[in-house]
Amino acid sequence: MKQYKYKINGSDYDITINDVEDNIAHVEVNGTPYIVEMAKKAKPMPKPIVRPQATQQASAAVVPAAPKPAAAAGKSGLKTPLPGVIREIKVNVGDMVKKGQTVVILEAMKMENNINADRDGKISSICVSKGDSVLEGADLLIIE
């Protein structure tokens, strides 16, 4: 469950995303429940792998799932710092970027936010399209 607070045209909104299954999200806006059908199927969240500990304790250790291929050595997923809508993608796959270079423009709360490359490298993948709505922490692009 994720909670967000928005102010749109002077009105406050408390938004809770309860769960997402395939392309259906169960959302509450100011306490009113809604079922939202998304244009794209949501990426499933990895489930932790539970293995017994090596000692004779009765508890189990939670081991995180294997990292996504994007997180492999030499590659880095540039994540969005806040939810919003993609207004412009300023790079293409194969482009070389420098740390601090603006690569995406994200509109959030009626403001355009420049999303800058977090390191030097080559764009190996773009994970979003112009007009996409993204949540906080979503991968925007992959830099090798």
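Only heavy atoms go into these numbers, but all of them, side chains included; no hydrogens, no water, no symmetry mates.
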Are any of the side-chain heavy atoms of [X] and [Y] separated by less than 4.5 Å?
X      : Y      : result
Val134 : Leu106 : yes
Leu140 : Cys127 : no
Pro81  : Ile115 : yes

Just jot down the salt bridge (charged side-chain N to carboxylate O under 4.0 Å, His left out) partners of [X], sequence neighbours excluded, or say none.
X     : answer
Glu28 : none
Asp12 : Lys7
Asp14 : Lys5

Exercise answer: donor-acceptor pairs, residues 90-105 side-chain atoms, under 3.5 Å, sequence neighbours excluded:
residue	atom	partner	partner atom	Å
Asp95	OD2	Asn92	N	2.8
Gln101	OE1	Lys98	N	3.1
Thr102	OG1	Asn116	OD1	2.9

Tell me, please, which residues at least two apart from Lys2 pass side-chain contact (heavy atoms from CB on, under 4.5 Å). Tyr4
Which residues share a side-chain hydrogen bond (donor to acceptor under 3.5 Å, both in side chains) with Glu112, sequence neighbours left out: none
Strictly distance-based, threshold 3.5 Å: is any side-chain N or O of Thr80 a donor or acceptor partner for the main-chain N or O of Leu82? yes
Rounded to the nearest 0.5 Å, how far does [atom2] of [Y] lie from [atom1] of [X]?
X      : Y      : atom1 : atom2 : value
Thr16  : Tyr34  : OG1   : OH    : 12.5 Å
Ile89  : Ser129 : CD1   : OG    : 5.5 Å
Leu141 : Leu78  : CG    : CG    : 5.0 Å
Glu88  : Asn114 : CD    : CG    : 9.5 Å

Nearest atoms (heavy-atom pairs only) where [X] meets [Y]:
X      : Y      : answer
Ile35  : His26  : CG1-ND1, 3.8 Å
Ala108 : Pro83  : CB-O, 3.3 Å
Ile143 : Ala117 : CD1-CB, 4.0 Å

Verify side-chain contact (heavy atoms from CB on, under 4.5 Å) between Leu135 and Ile17, making sure each step is shown before the conclusion. CA-CA 10 Å; Leu135 295 176; Ile17 301 173; 3.8 Å; yes
Between Lys122 and Glu144, does any NZ, NE, NH1 or NH2 come within less than 4.0 Å of an OD or OE carboxylate oxygen?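 No.
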Test of understanding: clusters of I, L, V, M, F, W, Y form through side-chain heavy atoms closer than 4.5 Å, transitively. Do Ile86 and Tyr6 belong to the same one?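 Same hydrophobic cluster.
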